[in-house]
Amino acid sequence: MAAVLGAFALGATGLTATATATAAPTSSTSTAGAETSYVVLADRGSSATALAKRLEAKGATVTSVNEAVGMVTVTSTDTAFAAQTRAMDGVFGAAGEGVVGRSPQAKKKQDAVERPGKGADKVKGAGSSANSGKGKHKKGAADPLDDKLWGMDMINARDAHKVEAGDKRVKVGIIDTGVDGSHPDIAPNFDHKLSRNFVTDIPDIDGPCEYEGCVDPADVDNGGHGTHVAGTVAASKNGMGVSGVAPDAGIVNIRAGQDAGYFFVGPTVNALTYAADAGIDVVNMSFYVDPWAYYCQDGAPEDSPEEAAEQNMIIESMSRALNYAHDHDVTMVGALGNAATDLANPGTDSSSPNYPAGNEHDRTIDNSSCWDLPVEGEHVIGVSSVGPSERKAYYSNYTTDVDSGEIEVSAPGGDAYDWPNATGPNPESMILSSVPENVVKSEGSVDEDGNITPDGEGWVLKDCDTVKGEEVCGYYEYYQGTSMASPHAAGVSALIVSRYGKVHGKAGFGLSADTVKEVLMDSARDTACPEPRLYDYPAPIPAAYNAECVGDADFNGFYGDGIIDAQAAVAKKKL
């Protein structure tokens, strides 16, 4: 998950614990500083447009106005802007989102869980790329790398495609780091007209800007995460590479994530309300909203008053946006998180706030007043992750309170250690999907000539075909995480809309979000807790990852309503 860091993470050389730091003091004294982006939320019922004019009069530069939720995004050089703006009449809250225009060394916000051991800890003989390169591609048959997609077999996707493979009228919004619309497995389903980018790159974390104004085109992904997610949802069944869960559905890039993997509230809220207004059927949200791993009403006991005010504003902003999207029948699917945490008892958060760096501090998290957003927000379908053996992936969050609404279903997300006698990570136990060529080249997995390097061997695959007399190649990489589980569920949701949706006059083709959720959960395959209930992961996974499963086969804290089943979801002729 691009923006999920927890108490424990699997690094390239093993399993490690994250560090802690002390909170920095805040000030409300006006001084000139670097140009910084801020989000300001109007009181309920107040006009965002009117607020924007007031902020402009105070010297701020307005960059966007979201009337649907009352949010205004601005830039200002006043270091006390947030504190002073909170005191204005008609303002619910304000928070800073990042310095604009500064260019120190980029700080990649990586989730080490997603690509464990790439290069340094490679498993000898695992994930060979011997099948990479040119192959004989038959249209209509399984795509060349589909035999590596064990997750599709687990959810019976191929059998589902005999009944329903998706409908181009059904649009899945990928709220992520972007989507590479030129990738040969994405391009056939990519909707250029509807795709949008709500992010301005922040050189402080993203590195030098690739495009003028630091705004990437809406068919570009310089992070890689979003394109991987999009491929699992709806990679085209085109005789090349891999095919997705809903290979005939439409893909819409609704970018809200920075290149470095941060997801701030302004772009996230704008992405959600845009999805609603644009008639998007399903959105996948494989992230958490930065900079807080948990948003606590009035803050955690250790948070400063300014930090508490920021959290209150983001909770309110996300609540408005999620309700707005749900009211427009957007089915929202979210990743449950990669911190191996019991969401009913989160304990201490030592990772927040994660931006700007150096402000992290220990925070006592009360589950009754703190939320992991967006997945614990209203109307979001929470998805946990399982490995090839169907065990809960070692990193996946779960819950011991089955009545909490924190989890709905589970899906294949990969588990690098879920293979017999594991001594290191095995890529083939993870999830293979599409990645942008520019990303694998920049990471050193592929050289400038397009060849897989020793660092990428076993982790990155290449498939080529001849299209209109020219060789076209796509790249595919193994990731793991609840970020990879969520798009499986989003893909099945797209199949459900395709199968049972109806034309609703000027509103177009679609299906109620509540109906989609009901069908997804009811069709999931009941999966019982392991016995003994306290699951002890075998070596080399440390005992800190052991987890207790609470509930029965019908519903429990590891699997929710069960492992999703695409075939069962589309089995009826009509609802």
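Contact between Ala489 and Val383 at its shortest, heavy atoms only, is CB-CG2, 3.8 Å. Minimum interatomic distance between Asn312 and Asp298 (heavy atoms only, all atoms of both residues): OD1-N, 2.6 Å. Closest heavy-atom contact between Cys529 and Val550: SG-N, 4.0 Å. Of all heavy-atom pairs spanning Met430 and Trp459, the tightest one is SD-CZ3, 3.5 Å. Closest of all the heavy-atom pairs between Val380 and Gly334 is CG1-N, 3.8 Å. Between Gly266 and Met71 the shortest heavy-atom distance is CA-SD, 3.9 Å.
Remark: Ile175 CD1 to Leu272 CG distance equals 4.5 Å, nearest 0.5 Å. The line from CG of Leu41 to OG of Ser317 is 4.0 Å long, rounded to the nearest 0.5 Å. Taken to the nearest 0.5 Å, the CG atom of Asn270 stands 5.5 Å off from the OG1 atom of Thr73.
Counting only distance, with no hydrogens or angles, the side chain of Ser433 and the backbone of Thr232 share a donor-acceptor pair below 3.5 Å. Of the possible polar contacts, none joining the Gln258 side chain to the Phe263 backbone as a donor-acceptor pair under 3.5 Å is found. For the pair Asp206 (side chain) and Ala260 (backbone), a donor-acceptor distance under 3.5 Å is present. The backbone N or O of Ile254 sits nowhere less than 3.5 Å from a side-chain atom of Arg196 that would complete a donor-acceptor pair. No donor-acceptor pair closer than 3.5 Å links the side chain of Ser396 to the backbone N or O of Lys392.
Aromatic ring pairs are classed by plane angle as parallel below 30°, tilted from 30° to 60° and perpendicular above 60°; the pair Phe558 and Tyr398 is perpendicular. Ring orientation note: the planes of Tyr295 and Trp292 are nearly perpendicular, at an angle over 60° on the 30°/60° scale.
Residues Pro291 and Glu310 meet the side-chain proximity criterion, which asks for heavy atoms closer than 4.5 Å. Annotation: side chain of Pro412 is not in contact with side chain of Met484 (no heavy-atom distance under 4.5 Å). Side-chain contact check for Tyr417 versus Thr423: every heavy-atom pair is 4.5 Å or farther apart.
Ion pairing between a basic and an acidic side chain is recognised when a charged N comes within 4.0 Å of a carboxylate O; Arg255 and Asp176 show no such pairing. Taking the charged nitrogens against the carboxylate oxygens, Arg115 and Glu443 do have a contact shorter than 4.0 Å, which makes a salt bridge.
Counting only N and O atoms by type, the side chains of Asp349 and Ser351 include a donor and acceptor under 3.5 Å apart. Checked by atom type, the side-chain pair Thr348/Asp362 shows no donor-acceptor distance below 3.5 Å. A donor-acceptor contact closer than 3.5 angstrom is absent between the side chains of His225 and Ser286. Checked by atom type, the side-chain pair Glu406/Ser404 shows a donor-acceptor distance below 3.5 Å. Defined by atom type and a distance below 3.5 Å, a donor-acceptor pair is present between the side-chain atoms of Asp536 and Asn546. Side chain to side chain, Ser445 and Glu477 fail the donor-acceptor criterion of an N or O pair below 3.5 Å. For the residue pair Asn367 and Asn345, no side-chain donor N or O sits within less than 3.5 Å of a side-chain acceptor on the partner. Between the side chains of Gln311 and Asp303, at least one donor N or O lies within less than 3.5 Å of an accepting N or O. Looking only at atom types and distance, the side chain of Asp418 has no donor-acceptor partner in the side chain of Ser429 under 3.5 Å away. Glu548 and Thr400 form no side-chain donor-acceptor contact under 3.5 Å, judged by distance and modelled atom types alone. If you check the side chains of Asp216 and Asn222, you find a donor sitting under 3.5 Å from an acceptor.
When the side chain to side chain donor-acceptor pair (under 3.5 Å) test is applied to Thr85, no partner is found at least two apart in sequence or on another chain. Thr364 pairs by the side-chain contact (heavy atoms from CB on, under 4.5 Å) definition with Pro301, Glu302, not counting sequence neighbours. With sequence neighbours excluded, no residue forms a side chain to side chain donor-acceptor pair (under 3.5 Å) with Asp401. Every side-chain contact (heavy atoms from CB on, under 4.5 Å) that Glu408 has, sequence neighbours left out, goes to Ile381, Lys517, Met521. With sequence neighbours left out, the side-chain contact (heavy atoms from CB on, under 4.5 Å) criterion links Ser368 to Asp366.
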Verdict with reasoning, Tyr355 to Asp204, per side chain to side chain donor-acceptor pair (under 3.5 Å): CA-CA 11 Å; Tyr355 183 83; Asp204 183 26; 3.0 Å; yes

Full working for side chain to side chain donor-acceptor pair (under 3.5 Å) between Glu378 and Ser319: CA-CA 7 Å; Glu378 297 147 296; Ser319 177; 2.8 Å; yes

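Under the ring pair (Phe, Tyr, Trp, His ring centres under 6.0 Å) test applied with Tyr545, the options Tyr395, Tyr537, Tyr535, Tyr394 reduce to a single match, Tyr394. For the side chain to side chain contact (heavy atoms under 4.5 Å, CB included) with Phe81, the lone residue among Thr77, Asp78, Thr79 that qualifies is Asp78.
Within the structure, ring pair (Phe, Tyr, Trp, His ring centres under 6.0 Å) contacts touching residues 364-390 (residues at least two apart or in different chains) are His326-His379.
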